[in-house]
Amino acid sequence: MATLELPGLIPYTLLATLVAGFLAWRAPSANAARRIALVGSLPAAFVTTLMFARVGVTSGGDYQFVTDWTWVEGLGISLSFGVDGLSASLAWLTAILTPLVILYSWKESHRPQLFFGLLMLLNTAVIGVFTALDLFLFYIFWEFVLIPMYFLIAIWGGSNRRYASMKFVVYTGGASLVMLLGFMAAYFGAGLGTFHIPTLTAVGSQLGWARDFGMVVFGVLAFGFLVKLPAVPFHTWLPDAHVQAPTAGSVMLAGVLLKMGSYGLMRIAFPLFPEAAMAYQWFLFVLGTVAVLYGAFLCLAQDDLKSLIAYSSVSHMGMITIALATFNDLGWAGAAYMNVAHGIISAGMFMAAGSLQHSTGTRLISRLGGVGVKTPKLAALTAALFLGSLGLPGMMGFIAEFNIFAAVWEAFGWWIMLPVWSVLVTAGYYLWALQRAYYGSERRHSEVDWDRIHDVTPEEQAPMVAMVLLAILFGVLPALLLGQMNDWTGTVLALMGGN
Amino acid sequence: MAETHATGLEQLAGVDLAAAILIVALPLVASLGIFLWGKTKWRGGGAVAVAATGAAIVPALWFFVRMLQGGAPTGWSIEWFTVGEYTFTVGFLLDNLSVWLTTLVTVLVFLITLFSTHYMHEEPNEKLRRYYAAKMLFATGMLGTVLMDNYLLMFIFWEIMGLCSYLLIGYWYHKDSAATAAKKAFLTTRLGDILLMVGIIILLVTFKTLSYREIWHHPEFTADNPALFWAALLIFGGAVGKSAQFPLDIWLPDAMEGPTTVSALIHAATMVKAGVFLVARSFPLFVLNPDTFLVVGIIGGVTALYTASMALVALDIKRVLAFSTLSQLGYMFLALGAGGIVYVQAQNGIGFTAAMLHLMNHAFFKALLFLGSASVILGMHHHQDLREMGGLRHKMPKTYWTMMVGTLAIAGIIPFSGFWSKDEVLATAFKAGSYAGVFTLLWVMGLLTALMTAFYMFRMMYLAFHGEARTKHAEHAHESPGVMTGPLVVLAVFAAVAGLWLVTPMAGGFEAVITYPYSEDLGHPHHEEPFALLVKILTEPKTYLSLGVAVAGIALANKYRKGLPAKEAEEPTSGFRGLLYNRYHVTRAVYEPLGNVVGVGLAKLSDLFDRKAIDGAVNGVARVTWWKGGWLRRWQDGRVTTYVATLVVGLTLLFALMTALVPSIRW
């Protein structure tokens, strides 16, 4: 299968989503705003599902649904969009998470018009990141993600929201400036006069970058993406952002925003500078291993459930770093799979943490204990999502984990014995948290009004159930997702190999 | 999805294929149904569970009968997913080993589920739903583990069993002890599972397949590859975790927090056997590097003795049985280890047979004993301390007599089932001693274990059933209804006669059916005629040595006929008995420090480092920048306009910069 041109599909879908967001913002009432947002999120959900299915049944190795409009001719900037086996699932995940998050936040009463408007802007920008095929366009969407996320934290966040939102913007905004420098260097260095990603990556391995130039620019690009991932030691913005953000913000942040970092690495940094990336192989392996283990141990020490889940993201995204360092099919397919697996499962986990807050008034494990008897549904859903995240076979996290560890054995041999222990620590922190918060005898804390504890509400339950079912679906039928990822890894690894 | 052909096997098709799928699907569908409708419509789901497990026996017997008639192994597999050059498949391998074990499992699951319907009848429907849904999912996991034809699928079902074990140990999750025990069980077995996963990955990358038979027939499946030695040991690591062998034995006694019917099924009759099955299934891999059998045998022998000693002083009826389970599982690994050595040295598969026979016998008698103890516990109104019992023999005669059959079986008294398998286990260990000296020591340890087994089992029986009632619970104890005693009687019959298969010409005797190599294409199985084997056993002096040891153990337990001697009535805290009672303090001396000091300590240290060093540095940089640049402070105020303005200005500057750099620009 070759490239499928369908000019306009992606940009117009994005435009429609953006317009819906604008209408929600200007809506006369809260009720109108959330309805507009929910209905307005459906076209994107539909179109991305279609794209996801099409890439799944045909080749995910070539770009599909391509739009290629000239924008600034002299600079070689184009309005290029398209999806392949790497990005179709991420765009789809973004577009289906949004309606679910809107549903989950149905009862939001603080400035609801702006809230739902911003969610739709976020939706547009993130899908834009995953579908843009022009470095310049990519950068614009990348920056636009910051705006709604910043306000979601700053306006609807917790008590320390100003600090957290500033830290988020300055830290990741600063990193994206570095990334932009990298883009410029690649643009001028390549000397092709184009920002077109497929054009650049197709010749990335043949451009004959000067060794030092390649090493530096890859390093600059990787830094920009690794902060977003986030990789240790540039991760401390994440727990603060998560803890302060409203549930909807956390869900989008963990579910899809972090994947912008790994996506950038896979789409731009590695294919553009394959030789330099290869030279960083061991560095990346060590970086990932540190993140995996250190992140897991950090989780053990957390009292706030949200902060625990945030650090677990650091650990799981470390798996992606390790996977990319393997430079083999298993690892790259595993990384792409982990993107989606972590997206689905951590999104669900943040909903569960939000519901715990709503049900009991706290997320602090030390103030809970034995609440499972009062909240059996929430306890069961939390357990299911935690088990999914710790890589229980039958759910999709396992497929990602197994592929990645197999890739590590193939590439690094016995060094597998370092990161593999994170599996145990991960099981430890999740089960320990479950045990202390939900199970065991009632431990009434003075800060928790025990009589007012209630189980999860239907509009909060439904999106979580959807996440669990998706995690099981892709755990039982991984070919639904792996088929297209295989096509993509085949293409990209061949490109990087230079043939 | 294309059908692929498993190496050199007759393909499963049509009705046979449907039957194989049904075995796994029946409990799975029941589990889903109970989960959805168990709370209301299906009133807990007990009836559905009994029906589904009962129905699953039919296709299992279908294959079992064909196996007895000498039918050849069959297989079937389809592609599941592909990554790069690796193709993963889903498929069945129906050879004698899996068919025999499947039949055993379906029968046990059915009997124990039937028993549950009364044992658990006081529980509300919404909890029963959880119980039966997990139990049915467990059955799916166990049957899948046995029937799958490759390591990955085996591992997936293996982990599903682990999940159900976790859920069922934590069935009464509002109890702190249950919640802790569930977590401990999951984490300890997970430790083994990590090793197993690495082992599987080594096989995958080496052979580009995980199908058992494709691996065994692979041209590179030779002793030359040192990674295969480690793969075998890593796989054994998984077995050690699942079958709770030393040093990962700590979770099983605590797992008794679950309902007794769960202990009977998962923590005695089936799941803990999966480790033994895994080693049996991976036997060709171990045969490649016979040194691995030393590890298997030593771990098994040590566990057998070490855990049997704990049972000597236990005061809780379920704990006695739990320690006993560990010890008997140790026997099975001892048999596999010794049997492997004997096979490699003398091409004799009897040790493998002995391990499998003991697996089957133990499944029957230990399920019986656990269900018997459940009957006692129900009769005693949920009291399970042996000190509170006494004299139950007259109040619960059916429970007593059936449990006595189980006790005679586990003690190894002729002709009850345990005698035949235990005798063969010890005989194999002795024989292996002539090839590897350590097995002579292990044989002595095995004999000592046999002595202890007979002792603690009769001690338990005497304390519970003999003498006078010591509390009013014991006085008012009552026999259980037929739905509970029925399964006890059936299990008692099996516990009595199952071992006789070894010396009965049914399908040529047990050794002809279950032996190693378990398929002709791996070599020629050698086995003795059942009658010749009988003569050999009865004329062998060592047979009478192990019988004598068992009788001595029973005699030593005599002093408990009238209840516990006064000095043993308190929970021992010091001395040798205290050491045994506290399981050699291993948990407190090793595992708790490891978890609390190393694990939590590292966590606290990481947290401190993260907050002070890493985030401290980040905030430090930020503070300096803030202080230096006053304009940043205005940016900080968080108003929409400021931020958007910044972004717009930034982008404009960028465009301007590029216009300047690239002269040919046209907007």
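The sequence lines fix the lettering, A, B, ..., with proteins before strands; numbering per chain opens at 1.
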Ranking A:Tyr171, A:Phe234, A:Trp421 by heavy-atom pairs under 4.5 Å to chain B gives rank one to A:Trp421
Against chain B, label [X] side chain, backbone, both or neither, depending on which of its atoms sit under 4.5 Å from a heavy atom there.
| X | answer |
| --- | --- |
| A:Ala333 | side chain |
| A:Trp432 | both |
| A:Asn328 | neither |
| A:Met417 | side chain |
| A:Arg443 | side chain |
| A:Tyr337 | neither |
| A:Ile399 | side chain |
| A:Tyr429 | neither |
| A:Tyr311 | side chain |
| A:Ser441 | both |
| A:Gln302 | side chain |
| A:Leu177 | neither |
| A:Val314 | neither |

>> Quick check against the 3.5 Å criterion: does B:Asp607 have a side-chain atom that pairs as donor or acceptor with the backbone of A:Ala301?
In response: no
Q. Donor-acceptor pair, B:Trp80 side chain versus A:Pro478 backbone, under 3.5 Å?
A. no
| Are side-chain heavy atoms of B:Ile201 and A:Glu410 found at a separation under 4.5 Å? | no
**Asked** Just wondering, do A:Phe297 and B:Val600 contact through their side chains at under 4.5 Å, heavy atoms?
**Response** no
Atom group of [X] that falls short of 4.5 Å from chain A, counting heavy atoms:
| X | result |
| --- | --- |
| B:Leu153 | neither |
| B:Leu167 | neither |
| B:Asp193 | neither |
| B:Phe609 | both |
| B:Ser177 | neither |

Report the C-alpha separation of A:Asp329 and B:Tyr86 in whole Å, then their side-chain angles, then the decisive distance to 0.1 Å, and conclude whether the side-chain hydrogen bond (donor to acceptor under 3.5 Å, both in side chains) test is met. CA-CA 9 Å; A:Asp329 291 289; B:Tyr86 301 91; over 6 Å; no
Above 12 or not: heavy atoms from other molecules or residues under 6.0 Å from CH2 of B:Trp230?
no
What residue, out of [options], has the most heavy-atom pairs lying under 4.5 Å from chain A?
| options | value |
| --- | --- |
| B:Asp615, B:Leu605, B:Ile614 | B:Asp615 |
| B:Gly170, B:Ala613, B:Gly84 | B:Gly84 |
| B:Leu163, B:Leu152, B:Ile202 | B:Ile202 |
| B:Glu126, B:Glu159, B:Glu85 | B:Glu159 |

Item to check | B:Phe88 and A:Phe402 aromatic ring geometry - parallel, tilted or perpendicular at 30°/60° bounds | outcome: perpendicular
Smallest heavy-atom separation, B:Leu204 atom then A:Ala406 atom, equals CD2-CB, 4.0 Å
(message) Evaluate A:Leu431 against B:Tyr166 for side chain to side chain contact (heavy atoms under 4.5 Å, CB included), listing each step before the verdict.
(response) CA-CA 10 Å; A:Leu431 296 191; B:Tyr166 169 75; 3.5 Å; yes
side-chain contact (heavy atoms from CB on, under 4.5 Å) filter on B:Cys164, not counting sequence neighbours, yields B:Leu137, B:Phe138, B:Ile160
